[in-house]
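Heads up, the thing below is written out as structure tokens.
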Amino acid sequence: MNIEVLLTEAEIAEEFSDAMEARDLPEKFFYWTPLSVRAWKEFSCEANESLRQTWDALAGNAGELTKGFVGRIPVISFGAGDGSKDRILLKALRDAGREVKYFPIDASQTLLETACAGAEDDDCEALGLKADISSPVHLLLAADVSEAPRLFLLVGNTLGGFDPLDLIKQVGSCLHPGDILILDAQIAGGDEEPDEMRRRFVFAPLAGAGISPEDGELRFTGNADNRHEGLHLMTRRFQASRDLTMLVSGKEIHVERGERIFLNFRYRFSREALRWLLTNHGGLKLKGEIPSADGRYVTAICVR
Ligand SMILES: C[S@@+](CC[C@H](N)C(=O)[O-])C[C@H]1O[C@@H](n2cnc3c(N)ncnc32)[C@H](O)[C@@H]1O
């Protein structure tokens, strides 16, 4: 298995304890430990089911989509996770007679190994890159693992776990003429109540540091992001109901009763806001949009 490392485990451990000290945990720590990965896999089944028809449609169209590519198609997936969606497309490209090389990019060693192993099981050449996609430098280095034209993926509502205005600019700036970006996003509206699986996923980094649900309260709060109409932000935070001591990367961190720890957030979008984000803000051209069968997601096909 080939994995190159821009972001080491030691760096992640150091960043994790700094983030706990700052009471603010970014997205990458929610996929870091085996406990988090397990919780995410349980919770992501539902989204995968919603997006299944979209991926079947993309797979059915894979040959046509990539007809501008000559020779081997580099597929670069930002925040690839376990690569299960990516593999549907990789297989379809190979069935369409195209040679493919897969580059999953992720901060989670466990998920990256799963993505590479899965591709290899399908006899697809893979090179994983362990990197931080919130770093513009890492993102550019990741994009440059292969020359244009490339097929980029940013899927599974990965966009919603970051500041979407920053991330789309950075991803957009990686795209060269001939490159294609397939990106999906969750549409705002409907049932936004956190279920038990979502709560377990959000709580997992705290559980790994020795905190239990009885130690405080987990709150989900929806807000509008006033930078543009149709950007909805769901924040999650934990408020300690007693004094706590966490053990984080071998370091003791004390949290006083009443203190809050900000957990990862999620953006959802109106369809208009997503179009604005990709085109007006991100400078991309929209070649197609595929709503999921249940209307909860939209998958967009973009070029520069
Ligand atoms: C919502 S999941 C989506 C995974 C996959 N694309 C899918 O569709 O199932 C987000 C992925 O981004 C990765 N991730 C989160 N923050 C990251 C960061 N700063 N740098 C690199 N990967 C990150 C996580 O490890 C996770 O695999």
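All ligand and atom numbering here is 1-based and tracks the order in the structure.
Listed by atom number, the atoms of ligand 1 under 4.0 Å from Asp132 heavy atoms are 18 (C), 19 (N), 20 (N). Those atoms of ligand 1 with a heavy atom of Val155 less than 4.0 angstrom away are 3 (C), 5 (C), 6 (N), 7 (C), 8 (O). Of all atoms in ligand 1, numbered sequentially from 1 with element shown, those under 4.0 Å from a heavy atom of Ala131 are 20 (N), 21 (C). Taking every non-hydrogen atom of Ser108 and a distance limit under 4.0 Å, the qualifying atoms of ligand 1 come out as 25 (O). Which parts of ligand 1 touch Lys85 is read off a 4.0 Å heavy-atom cut-off, strictly below it: atoms 7 (C), 8 (O), 9 (O).
Look at Leu111 and you'll find a heavy atom under 4.0 Å from some atom of ligand 1. Assignment of Phe30 to the shell around ligand 1 is not supported, since no heavy atom sits closer than 4.0 Å. Ligand 1 lies out of reach of Ser84, whose nearest heavy atom is not under 4.0 Å from it. At least one heavy atom of Trp40 sits closer than 4.0 Å to an atom of ligand 1. The closest approach between Ala80 and ligand 1 falls below 4.0 Å for a heavy atom of the residue.
In this structure, Phe162 has its ring center at least 6.0 angstrom away from the ring center of Phe265.
Of the polar atoms of Phe78, none of the N or O atoms is found under 3.5 Å from an N or O of ligand 1, judged by distance alone. Among the atoms of Phe162, none of the N or O lies under 3.5 angstrom from an N or O of ligand 1. Polar contact with ligand 1: absent for Ile105 (N/O pair, distance under 3.5 Å).
Closest to atom 12 (O) of ligand 1, if we only count protein heavy atoms, is Gly79 CA, 3.4 Å. When hydrogens are left out, the protein atom nearest atom 20 (N) of ligand 1 is Ile133 N, 2.8 Å; that is the closest non-hydrogen contact. Counting protein heavy atoms only, atom 10 (C) of ligand 1 is closest to Thr158 OG1, 3.5 Å. Of the protein's heavy atoms, Asp106 OD1, 2.5 Å lies nearest to atom 25 (O) of ligand 1.
A salt bridge does not link Arg237 to Asp24: none of the charged side-chain nitrogens sits closer than 4.0 Å to a carboxylate oxygen. By the 4.0 Å N-to-carboxylate-O rule, Lys130 lies too far from Glu4 to be salt-bridged with it. A salt bridge between Glu27 and Arg266 is present, with a side-chain N of the basic residue lying under 4.0 Å from a carboxylate O of the acidic one.
For Arg52, the CZ atom is loosely surrounded, since the number of other residues' heavy atoms within 6.0 Å does not exceed 12. The number of heavy atoms from other shown groups lying within 6.0 Å of CD (Glu289) is above 12.
The aromatic rings of Phe16 and Phe29 sit tilted relative to each other, their planes meeting at an angle between 30° and 60°.
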**Request:** Please test Asp184 against Thr54 for side chain to side chain contact (heavy atoms under 4.5 Å, CB included), starting from the C-alpha separation and ending with a verdict.
**Result:** CA-CA 10 Å; Asp184 66 24; Thr54 301; over 6 Å; no
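Between the side chains of Trp32 and Glu9, at least one donor-acceptor pair of N or O atoms lies under 3.5 Å. No hydrogens or angles considered: nothing links the side chains of Asn157 and Tyr297 as a donor-acceptor pair under 3.5 Å.
Here the closest non-hydrogen pair linking Leu277 and Phe269 is CD2-CE2, 3.9 Å.
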